[in-house]
There are 2 protein chains.
Amino acid sequence: MPGFASYPQLSFDEFVEALEQAVPSLPRQEAKLAQFVLLNLNTLGLETGKSLAARVGVSEVTVGRLLRRLGCNGMKELKELLRQQYTVASPAPEARQGVHRALEQVMEAEIGVVTAVFQQTTGADWERAGSLLSQSERIFITGFQSVRGIAEDFARRLSLARGNVSYLSPHDGMLAEWARIEGTTPGSDCLVLVDVVPYAREAIEVARLAREEERACIVVSDEYCHWSRGIADAVIYAPSRTGLFLESTVGISLALSLLVDAVAAAHPEESRERLLQWKAHAKRLRIF
Amino acid sequence: MPGFASYPQLSFDEFVEALEQAVPSLPRQEAKLAQFVLLNLNTLGLETGKSLAARVGVSEVTVGRLLRRLGCNGMKELKELLRQQYTVASPAPEARQGVHRALEQVMEAEIGVVTAVFQQTTGADWERAGSLLSQSERIFITGFQSVRGIAEDFARRLSLARGNVSYLSPHDGMLAEWARIEGTTPGSDCLVLVDVVPYAREAIEVARLAREEERACIVVSDEYCHWSRGIADAVIYAPSRTGLFLESTVGISLALSLLVDAVAAAHPEESRERLLQWKAHAKRLRIF
DNA sequence: CGCAAAATGAAAGAAAAATAACATTTGACA
DNA sequence: TGTCAAATGTTATTTTTCTTTCATTTTGCG
């Protein structure tokens with residue numbers, strides 16, 4: 001009994017190719033079926049073995065048989081192939097060398113995270129986030145629990161690209177920074193919230209507060225975030241479930257890195273200047 | 001008995017729109033689900049009600065309920081909507097958002113970072129790092145400058161997988177934690193250093209100090225790190241040059257996430273227990 | 001023409017998914 | 001703090017889908 005694996009040894013592309021190859025040498029009914037499948041690859045995922053059979057006018061059994069003949073163990077496995085295919089992110093064929101067996105799936109998922117984040121860079125939210133970060137007078141950043149540190153780093157890094165960035169610690173700092181100062185134009189501040197499951201109660205409240213005081217608000221969070229849309233001016237999602245004990249923070253890291261870059265790109269001279277200054281200062285203090 | 005029609009009165013686009021509209025006003029679990037669906041429209045056709053439920057972490061019933069609330073009578077009808085949508089037009093199953101032209105190369109590089117990190121998971125250093133983190137009695141973690149926050153997060157997250165983890169702030173805390181206590185077995189401590197270019201002078205010194213006092217030392221750093229090999233017991237490299245204004249921290253994030261996972265895998269019962277406790281405590285404190 | 005081998009489908013059984021009815025939990029509000 | 005309604009999950013039931021086994025049909029070929 002070859003092929004114990006519950007996961008297919010085949011890729012969808014290979015399957016399709018095998019199908020094309022096989023058509024001429026197939027028995028009549030199966031050939032009809034194969035033909036139909038080839039012409040309807042788009043909707044293949046929506047079909048069930050039965051529905052396919054019905055559409056083509058063959059019996060259900062024939063469907064199963066054809067699949068098995070092509071090295072695909074039944075409808076279930078076909079669905080699996082499709083899923084792998086469409087979750088994008090071909091895990092770079094040779095790159096999985098030297099990856100621990102159990103981690104292969106995680107790796108695929110992490111790559112999926114990366115592409116998912118990049119795909120947002122053309123969206124309207126990204127656009128808005130970028131210009132808010134570049135043009136607002138002051139930027140406040142905050143993050144909670146297991147991503148607080150990342151948020152702090154974001155503040156540090158963003159400070160190298162532009163000025164007036166500060167980390168806000170609502171709990172510890174009592175939001176003193178937000179005490180309304182006479183003369184501050186409403187609409188010139190922007191708040192960045194970084195939050196992941198389990199979402200902090202505080203995050204939502206701070207976002208609301210910002211809203212009420214006419215501060216813009218950008219939320220960077222994971223794919224389950226249910227509260228941000230509707231409150232925030234821009235929302236960026238970084239998938240986090242990749243099969244690990246704790247949610248992955250790769251997506252958040254990436255999104256924030258890209259945002260820093262976007263801001264730097266918006267003020268090329270200023271950011272270059274700042275970077276140089278920073279290095280000079282650090283050297284003076286003998287930090288490195 | 002309302003709704004005789006066996007064919008939906010709704011189009012898929014309408015459904016999606018309804019979904020977007022509804023998210024903010026939906027109960028928590030359903031909102032999470034909705035959010036997930038919106039971000040995974042691509043593969044929606046391949047999902048089954050059950051699989052969706054599993055991925056999001058809600059019960060199957062909730063899936064059915066959400067759909068019905070949106071005017072779509074169950075999974076079957078949703079599949080029907082999708083079929084209509086895709087059989088009609090759209091040659092490609094999904095209208096994928098693009099990646100901004102200028103970022104394509106960066107994306108390639110970031111994916112390269114991910115695979116590079118994963119490839120280390122089979123190496124000897126990884127092995128050593130994993131067992132040190134799992135078996136040492138006490139773990140100290142520190143990080144500098146632009147990755148200090150990530151290091152702090154690592155400490156927080158590692159604490160969910162095992163005990164006796166603390167963040168060490170050599171500068172602020174004067175290394176008081178390391179004042180030698182009579183009775184502490186040498187060799188039972190492990191230090192994790194996270195450092196990237198430009199390397200902190202401090203990092204090297206702390207590593208040396210650890211060495212001298214027979215503390216194990218793991219260094220997580222970027223591809224340029226020149227000093228760690230030879231001093232550290234295990235070195236993990238996370239590439240960082242991906243063409244951005246500042247170095248990317250994706251690799252570091254990933255490496256640290258994977259390490260946490262490895263530790264959790266080494267003590268499955270303990271880590272599960274800890275996670276539950278943490279959730280209970282957080283709930284008690286009304287953090288979320 | 002007749003026979004064997006392949007192809008096909010029917011029916012029954014097993015597995016999975018969707019649904020419905022009921023129980024528990026949660027959260028808002030007095 | 002207690003109460004009620006909404007939200008969510010559990011369990012049981014029904015429906016659908018997939019697969020296996022076996023009988024029937026078709027096809028190739030001497």
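In the text below, chain A, chain B and the rest are named by the order of the sequence lines, each starting its count at 1.
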Can you list every pair that meets salt bridge (Lys or Arg N to Asp or Glu O under 4.0 Å) and has a residue in residues 153-162 of chain B, with sequence neighbours left out? Glu152(B)-Arg156(B), Asp153(B)-Arg156(B)
Nucleic acid footprint by protein, nucleotides 4-23 of chain D - heavy-atom cut-off 4.0 Å, B for base, S for sugar-phosphate alone: ---SBBB------BBBB---
Atom-to-atom span, CG of Leu78(B) to P of dA17(C) - whole angstrom: 16 Å
Report the residues that fulfil salt bridge (Lys or Arg N to Asp or Glu O under 4.0 Å) with Arg272(B), sequence neighbours left out, ordered by chain and then residue number. none
Please collect all salt bridge (Lys or Arg N to Asp or Glu O under 4.0 Å) contacts where either partner lies in residues 37-48 of chain B, sequence neighbours excluded, each pair once. Arg83(A)-Glu47(B), Glu47(B)-Arg55(B)
Can you run down the salt bridge (Lys or Arg N to Asp or Glu O under 4.0 Å) pairs that involve residues 231-256 of chain A, sequence neighbours left out, and say none if there aren't any? Arg211(A)-Asp233(A), Arg241(A)-Glu247(A)
In chain order, what residues pass the salt bridge (Lys or Arg N to Asp or Glu O under 4.0 Å) check against Arg68(A), with sequence neighbours excluded? none
